[in-house]
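A short worksheet on the structure shown next.
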Amino acid sequence: MRIAMIGPFGLKYRGTIQVRALPLARELAAKGHEVLIVMPPWKDPTSGAGCWSDAGVTLEYVSIKPAVPVLRELFITYRLIRAACAWQPDVVHIFKPKAYSGLAGCYFRHQLIHRPRLVVDEDDWEGAGGWNEVSNYSALLKRFFAWQENWGLRHCNAVTVASRALQTLVWALGVEAPAVHYVPNGAIPRERGDRLRGRELFALGDGPLVLLYTRLFEFDPARVVHMLARLVELRPDACLLVVGKALFTEADVQLDTRVIEAGLQDHVVRTGWVEESVLPDLLAAADVAWFPFDDTLINRTKCSVKLLDLLAAGVPTVADAVGQNKEYIQHGETGLLVEAGDEAAMLAATLQILDDRELADRLGAAAAQRMEERYNWSILAERTLEAYST
């Protein structure tokens, strides 16, 4: 089978293509299929146009010139369509039914001469209550993206969704249940990290270490500072390791300000964005991870790769019981879940793990095993092939 995947942006800065389309494509290629991923290097213009191979997958960046608005968008869409058509695909898989990829999907829906099977992937909710509400788009663009999402999901042969909440929303649009395929994000295999090396890397000491692996938009940073202040009262040598860069700059500023106001500077280490090679050691350095998740539509519909990374690395994790978190974590077996926003419950669960090494080891080992057995991309690729053929 020849498969053309079309993305609205490139591999850097945003996760969908890097952590969803590409690992899926690799597995499909390993199963004998020919796969192309074509995308504009949006947010990474220095990459330029070009074509290369990765584990049997052909990847292509199209040019994002000229810099003239509207004309640029038309040319990018045309180049995506042209590259996909040149592949002569049996299936076109659109990742995000918005912007350039959404326009390309509209073309393939109406193509008359050679119409490949059209599959749309939805890994976030873009419309009302979704990313439109927090993104800095114009009112007109928000309306257009919401229309694209609604139209694209209803005018295709099949839909792949990354979360149960998205599955429900797509059904609510009138898409028949057999056409909606649940394909959550999978764990990306990594070598186990070294705990001592991870602690030495940022001089983290020997005390209790809580990991916050985040982009700082899923929750109010003040909540984390409140919990840390209480934890330090009970465990004076505790430290919070914050790994990741905020999606919106103001969240970084807010967290830093709150930490200073609480006098907790000596108990917080921020790494910012880290190289992929460093991440396993930082995950291994933690005694427990916090995964706060406010109960919003964006959070209920998203499928967090960061949570997958934590669980696959065997980090005992305490998470809010919101959306896909409840799918990935079996409470008391592969992690601990608390009601969304309940700081006292999250702190109590944290202390439970810190005080019981046997519990921590059991939760971490069971989480890593479950990720490997149920959320590996080989299994998820088989689910995707059902969307391609039924």
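Just so it is clear, the values below take in all heavy atoms, side chains as well, and ignore hydrogens, waters and symmetry mates.
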(message) Do Val134 and Ile298 have side chains that approach each other closer than 4.5 Å (heavy atoms only, starting at C-beta)?
(response) yes

(message) Apply salt bridge (charged side-chain N to carboxylate O under 4.0 Å, His left out) to residues Arg195 and Asp281 and explain how you reach the verdict.
(response) CA-CA 6 Å; Arg195 176 182 174 87; Asp281 291 340; over 6 Å; no

(message) Can you list everything that forms a salt bridge (Lys or Arg N to Asp or Glu O under 4.0 Å) with Asp54? Sequence neighbours excluded, please.
(response) Arg26

(request) Decide salt bridge (charged side-chain N to carboxylate O under 4.0 Å, His left out) for Lys98 and Asp124; before the verdict, give the C-alpha distance in whole Å, the side-chain angles of both, and the deciding distance to 0.1 Å. (result) CA-CA 11 Å; Lys98 65 179 289 189; Asp124 281 305; over 6 Å; no

(message) Please evaluate residues Asp287 and Arg235 with respect to the criterion salt bridge (charged side-chain N to carboxylate O under 4.0 Å, His left out), reporting the C-alpha separation (whole Å), side-chain torsions for both, the decisive distance (0.1 Å), and the verdict.
(response) CA-CA 13 Å; Asp287 294 303; Arg235 301 287 190 279; over 6 Å; no

(request) Going by the side-chain contact (heavy atoms from CB on, under 4.5 Å) test, name the single residue among Asp121, Leu80, Val159, Leu118 that passes it with Ile94. (result) Leu118

(request) Using side-chain contact (heavy atoms from CB on, under 4.5 Å) as the criterion, point out the one residue from Val70, Leu74, Val68, Ile76 that pairs with Arg72. (result) Ile76

(message) Hydrogens and angles aside, do Gln88 and Arg2 bring a side-chain donor and acceptor to less than 3.5 Å of each other?
(response) no

(request) Would you give the length of the straight line joining atom CZ of Phe291 to atom CG of Leu311, rounded to the nearest 0.5 angstrom? (result) 8.5 Å

(message) I'd like to know whether the aromatic ring centres of His155 and Trp147 sit less than 6.0 Å apart in this structure.
(response) no

(request) Give me the one residue out of Val278, Val243, Leu279 that meets side-chain contact (heavy atoms from CB on, under 4.5 Å) with Thr271. (result) Val243

(request) Would you mind reporting whether Pro89 and Ile3 have side-chain heavy atoms less than 4.5 Å apart? (result) no

(request) Using side chain to side chain donor-acceptor pair (under 3.5 Å) as the criterion, list what pairs up with Tyr213, not counting sequence neighbours. (result) Asp309

(message) Can you see whether Gln254 engages Asp220 through a side-chain donor-acceptor pair at a distance of less than 3.5 angstrom?
(response) yes

(request) Determine, for Tyr182 and Arg164, whether the Lys NZ or Arg CZ falls below 6.0 Å from the six-membered ring centre while staying within 45 degrees of the axis. (result) yes

(request) Could you tell me whether the side chains of Thr160 and His93 share a donor-acceptor contact shorter than 3.5 Å? (result) yes

(message) Are the side chains of Met39 and Tyr100 in contact, using a 4.5 Å heavy-atom criterion?
(response) no

(request) Measure the CD-CG distance between Glu327 and Leu307 for me, rounded to the nearest 0.5 Å. (result) 11.5 Å

(request) Determine whether the aromatic ring centres of Trp131 and Tyr137 lie less than 6.0 Å apart. (result) no

(request) Give the cluster check for Val35 versus Val62: same hydrophobic cluster or not, with ILVMFWY residues linked at side-chain heavy-atom distances below 4.5 Å. (result) yes

(message) If you define the side chain from C-beta out and look only at heavy atoms, does anything of Lys302 sit under 4.5 Å from Asp123?
(response) no

(request) Would you check if there is a donor-acceptor pair between the side chains of Gln369 and Glu373 at a distance under 3.5 Å? (result) yes

(message) Among residues at least two apart in sequence or on other chains, which ones pass salt bridge (Lys or Arg N to Asp or Glu O under 4.0 Å) with Asp237?
(response) none

